[in-house]
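Read the structure below first, then the notes.
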Protein chains: 2
Amino acid sequence: MLSNRFDPRNGAALSSENGCDGTPAPRRPTISDVARAAGVSPSTASVVFSGKAKVSDATRDRVLAAASDLGYAGPDPLAASLRTGRSGIVAVVLEGALRRTFLDPVTIATMDGLTDGLASAGADVLLLRDEPHKPGGAALTTAPIDAAVLLGCSTATRESLDIVRARRLPLVVIEGDAGDAVPQITLDNAEAAAGIARHVRELGHREVAVVTLPLDVGRRRGPVSPERLARATVAPAIQRLAGIRGVFPEARVLSAAASSIDEGVIAAGTLLDADPRPTAILAQSDMLAAGVIRAAEDRGLRVPEDLSVTGFDGVRVDGLGAHMLTTSVQPATEKGRAAGAQIAAMLAGQAGESVHFTCRFRAGSTTAPAPR
Amino acid sequence: MLSNRFDPRNGAALSSENGCDGTPAPRRPTISDVARAAGVSPSTASVVFSGKAKVSDATRDRVLAAASDLGYAGPDPLAASLRTGRSGIVAVVLEGALRRTFLDPVTIATMDGLTDGLASAGADVLLLRDEPHKPGGAALTTAPIDAAVLLGCSTATRESLDIVRARRLPLVVIEGDAGDAVPQITLDNAEAAAGIARHVRELGHREVAVVTLPLDVGRRRGPVSPERLARATVAPAIQRLAGIRGVFPEARVLSAAASSIDEGVIAAGTLLDADPRPTAILAQSDMLAAGVIRAAEDRGLRVPEDLSVTGFDGVRVDGLGAHMLTTSVQPATEKGRAAGAQIAAMLAGQAGESVHFTCRFRAGSTTAPAPR
DNA sequence: TTGTAAGCGTTATCAT
DNA sequence: ATGATAACGCTTACAA
């Protein structure tokens with residue numbers, strides 16, 4: 001028997017003969033095969049494909065023709081990656097199920113910007129869930145990635161963070177709790193939320209309620225006690241609430257289980273059926289605000305005459321109708337793009353740095369002077 | 001000068017001395033370093049990490065200790081990939097911008113199922129846009145992937161398809177136009193749509209209009225002429241329309257520019273302000289149907305008393321209110337899971353096969369006998 | 001402009 | 001249970 005060694009290309013033991021007809025097992029052509037067929041050296045052929053050096057037209061044509069002849073589809077990415085030390089892949093680590101993550105328009109916008117910013121570095125995005133203790137080992141430890149971005153992760157991600165550090169991969173954290181040395185993309189959540197609150201106070205509102213984003217991975221719906229707040233982990237939710245509390249320390253606060261219209265409806269239901277009824281409801285996202293408006297209108301309340309409603313994010317909410325939400329517009333896409341740019345810089349050998357973004361208050365048609 | 005060869009690990013020329021302090025340039029430990037430190041052979045160390053053979057406890061402990069000592073984070077995925085011929089990555093090729101793709105709840109559900117189905121094969125998902133003629137070469141040709149899934153791609157993807165074929169990668173197409181030999185995940189769009197249409201006809205409706213999904217990559221909003229339909233490329237839209245036309249050949253047909261509530265509102269606006277006003281509107285997605293309902297209610301029309309509305313998909317539409325949509329429920333998550341399972345099978349050396357799914361009609365509260 | 005040579009770090013096989 | 005060996009396919013520095 002001539003050869004029975006393992007051949008990764010075929011994923012199984014390769015014997016010198018095929019099972020039935022004596023034909024040699026089909027082996028994929030390599031760049032050396034192409035070079036040989038073209039009568040050039042492997043390095044020349046390599047350069048033809050990478051374009052990293054000048055090659056005479058005649059040579060290039062011969063190489064390309066040989067490649068086409070042999071059905072060679074270009075350099076094997078796996079081998080090229082090992083040689084260059086780069087896979088061209090950046091992991092985006094998401095907390096929780098894909099389904100939930102991508103239900104949030106802000107996340108989608110951020111992902112959009114991220115892929116965009118990464119594209120200029122020639123990198124693509126690998127979707128990874130934050131589940132380090134998965135049976136069979138975490139994908140984060142074995143995936144051929146050049147860098148990682150932690151997106152929308154609360155402290156639950158500590159473990160993922162350690163893995164990335166152990167692998168010494170460039171890392172950027174978007175609005176998460178990452179600590180010291182890691183470049184972060186941040187937002188002025190507290191200030192922006194305070195700005196909204198001030199607007200509402202200036203309109204004369206005193207009976208105000210708040211609907212927050214989920215505060216932790218538990219995502220429990222309901223009133224936010226001091227104890228609960230102390231255990232909260234989701235930075236944006238905590239910060240926005242702090243901003244509001246600076247203006248309305250006594251506001252009643254309810255947590256939603258997700259950033260969705262339906263959750264807004266549920267929370268507003270509780271708030272609007274209470275006595276005294278708030279004259280303004282500050283929601284921590286535009287999706288929640290849309291739900292609050294829906295709940296108000298279902299009860300025959302007019303927005304903004306009977307109830308003022310504010311949001312946060314400044315995203316286009318599909319199905320909000322004619323209302324123009326009073327909100328604070330965050331540069332969601334820019335956040336992602338900035339993360340991508342930092343990754344690109346770090347991959348290019350530069351130091352990554354944190355980037356801070358600010359929101360822009362936008363007065364809409366959903367707030368008005370408090371009824372008296 | 002002892003050495004000035006290229007070192008992929010550091011991404012730059014490696015000199016025998018560091019720039020300032022004479023310290024040797026820090027080199028990452030390899031599995032051989034770990035093996036040496038533990039006093040075992042590299043193959044033994046490898047087996048400790050892969051678990052693919054029995055190792056005595058004492059040996060394993062020594063290796064692990066050495067690894068921990070040296071700060072070794074595990075086998076280099078790039079090198080392991082080259083050796084095994086597997087990267088553990090499957091590309092999902094999407095048509096158009098991420099932002100648009102992920103705005104569709106059906107796509108999200110399918111992605112959810114796909115990642116799920118792939119997880120059992122130990123594979124993760126690389127997001128790739130369908131743009132083969134991008135400057136710098138298509139990512140699809142150079143990405144270290146084991147297989148590819150084409151999701152929601154019309155014929156525009158022919159080129160991507162060719163690349164995947166040239167690379168001889170396992171491929172599955174979800175509801176797309178891929179031709180013969182490629183395993184496909186399909187849906188009984190025509191039959192399911194016909195079923196909805198029959199339900200509406202049995203309720204006595206004769207004046208019926210249709211709101212379709214985008215018909216091609218142009219995604220133009222407006223009336224669907226025979227010429228336009230002839231140039232349509234989006235299979236589900238075409239098939240669903242065919243199903244409806246079998247029941248209501250004369251129905252007025254409007255195409256939406258996306259599958260969203262707002263687009264439904266726009267299309268329904270045109271239809272409801274026309275004379276004669278339809279007594280039923282068949283939307284090709286639940287999102288569109290939600291918009292149709294919204295538009296109707298905005299005009300003071302009651303659903304279903306004055307207007308019957310049907311959808312397609314059976315997804316939970318955030319903010320649909322109390323209505324229970326009459327629709328056809330498609331197994332969106334299952335479609336993705338099936339695609340993942342086929343990829344897994346092909347990666348395991350088995351033949352991939354097409355999988356056909358059927359929708360289930362669901363009568364809701366948005367259809368009623370035609371007003372007379 | 002092209003060729004030569006030396007690995008990149010790992011893991012499957014086979015022998016012990 | 002462990003070790004020696006031989007690839008995996010490519011890209012780069014350097015010489016010609």
Side-chain angles (χ1 to χ4, degrees), chain A residues 1 3-15 27-36 38-60 62-63 67 72-87 142 144 167, chain B residues 1-15 27-36 38-63 67 72-87 142 144 167:
Chain A
M1 184 175 296
S3 151
N4 193 23
R5 322 208 102 264
F6 176 83
D7 179 1
R9 302 300 275 278
N10 295 319
L14 168 74
S15 60
R27 200 181 61 93
R28 290 247 190 98
T30 72
I31 204 169
S32 296
D33 297 332
V34 173
R36 198 173 316 117
V40 301
S41 76
S43 50
T44 301
S46 173
V47 163
V48 167
F49 288 103
S50 72
K52 292 210 173 161
K54 281 184 186 17
V55 184
S56 75
D57 286 357
T59 307
R60 180 180 26 259
R62 281 216 315 286
V63 170
Y72 180 72
D76 180 339
L78 263 28
S81 291
L82 174 58
R83 183 59 243 234
T84 61
R86 284 280 153 83
S87 67
T142 59
R167 287 186 62 178
Chain B
M1 184 175 293
L2 275 179
S3 152
N4 194 23
R5 322 208 101 265
F6 175 82
D7 178 1
R9 300 301 275 277
N10 294 320
L14 168 73
S15 59
R27 201 181 61 92
R28 290 246 192 98
T30 72
I31 203 169
S32 295
D33 297 332
V34 173
R36 197 172 317 117
V40 301
S41 75
S43 33
T44 300
S46 173
V47 162
V48 167
F49 288 103
S50 72
K52 291 209 175 165
K54 280 184 185 24
V55 183
S56 75
D57 286 357
T59 306
R60 178 177 30 256
D61 291 349
R62 280 216 315 287
V63 170
Y72 179 74
D76 180 339
L78 263 26
S81 290
L82 174 59
R83 181 61 243 229
T84 60
R86 285 280 153 83
S87 66
T142 59
R167 287 185 64 178

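Sequence lines set the chain letters: A, B, ... in the order given, protein chains first and strands last, and positions in each chain run from 1.
Partners of B:Ala38 according to the side chain to side chain contact (heavy atoms under 4.5 Å, CB included) rule, which considers only residues two or more places apart in sequence or in another chain, are B:Val40, B:Arg62, B:Val63, B:Ala66. With sequence neighbours excluded, the residues satisfying side chain to side chain contact (heavy atoms under 4.5 Å, CB included) with A:Pro29 are A:Asp33, A:Leu70, A:Tyr72, B:Arg168. Under the side chain to side chain donor-acceptor pair (under 3.5 Å) criterion, B:Ser87 pairs with B:Asp146, not counting sequence neighbours.
Of the residues in residues 41-50 of chain B, those with a non-hydrogen atom less than 4.0 angstrom from any atom of DNA chain D are B:Ser41, B:Ser43, B:Thr44. Residues from residues 52-60 of chain B placing a heavy atom under 4.0 Å of any atom in DNA chain C, listed by number, are B:Lys52.
Across the protein-nucleic acid pair, A:Leu78 atom CG and C:dC8 atom P stand 18 Å apart, rounded to whole Å. One can place CZ of B:Arg86 at 12 Å from P of C:dA12, the figure rounded to the nearest angstrom. In this structure, A:Leu82 atom CG and C:dA6 atom P are separated by 18 Å, rounded to whole Å. Rounded to an integer number of Å, the gap from CD1 of A:Ile31 to P of C:dG3 is 13 Å. The CG-C1' distance, from A:Asp76 to D:dC8, rounds to 8 Å in whole Å. D:dT2 atom P lies 19 Å from atom CZ of B:Arg36, rounded to whole Å.
In terms of heavy-atom proximity, B:Arg167 sits nearest to A:Arg28 at O-NH2, 3.3 Å. Considering all non-hydrogen atoms of both residues, A:Ser81 and B:Leu78 come closest at O-CD2, 3.7 Å.
Comparing D:dT11, C:dT11, C:dG3 by their closest approach to the side chain of A:Thr84 singles out D:dT11.
Between the side chain of B:Arg83 and the base of C:dT11 there is at least one donor-acceptor pair of N/O atoms closer than 3.5 Å.
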List the atom pairs, donor and acceptor, that lie under 3.5 Å between side-chain atoms in residues 49-58 of chain A and the rest of the protein, sequence neighbours left out.
unit_1: A:Ser50; atom_1: OG; unit_2: A:Ser46; atom_2: O; d: 3.4
unit_1: A:Ser50; atom_1: OG; unit_2: A:Lys52; atom_2: N; d: 3.2
unit_1: A:Ser56; atom_1: OG; unit_2: A:Thr59; atom_2: N; d: 3.2
unit_1: A:Ser56; atom_1: OG; unit_2: A:Thr59; atom_2: OG1; d: 2.6
unit_1: A:Asp57; atom_1: OD1; unit_2: A:Arg60; atom_2: NH2; d: 2.8

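Atom CZ of A:Arg83 sits about 14.5 Å away from atom CG of A:Asp76, to the nearest 0.5 Å.
Side-chain nitrogen and oxygen atoms of B:Tyr72 include at least one within less than 4.0 Å of the OP1 or OP2 phosphate oxygen of C:dT10.
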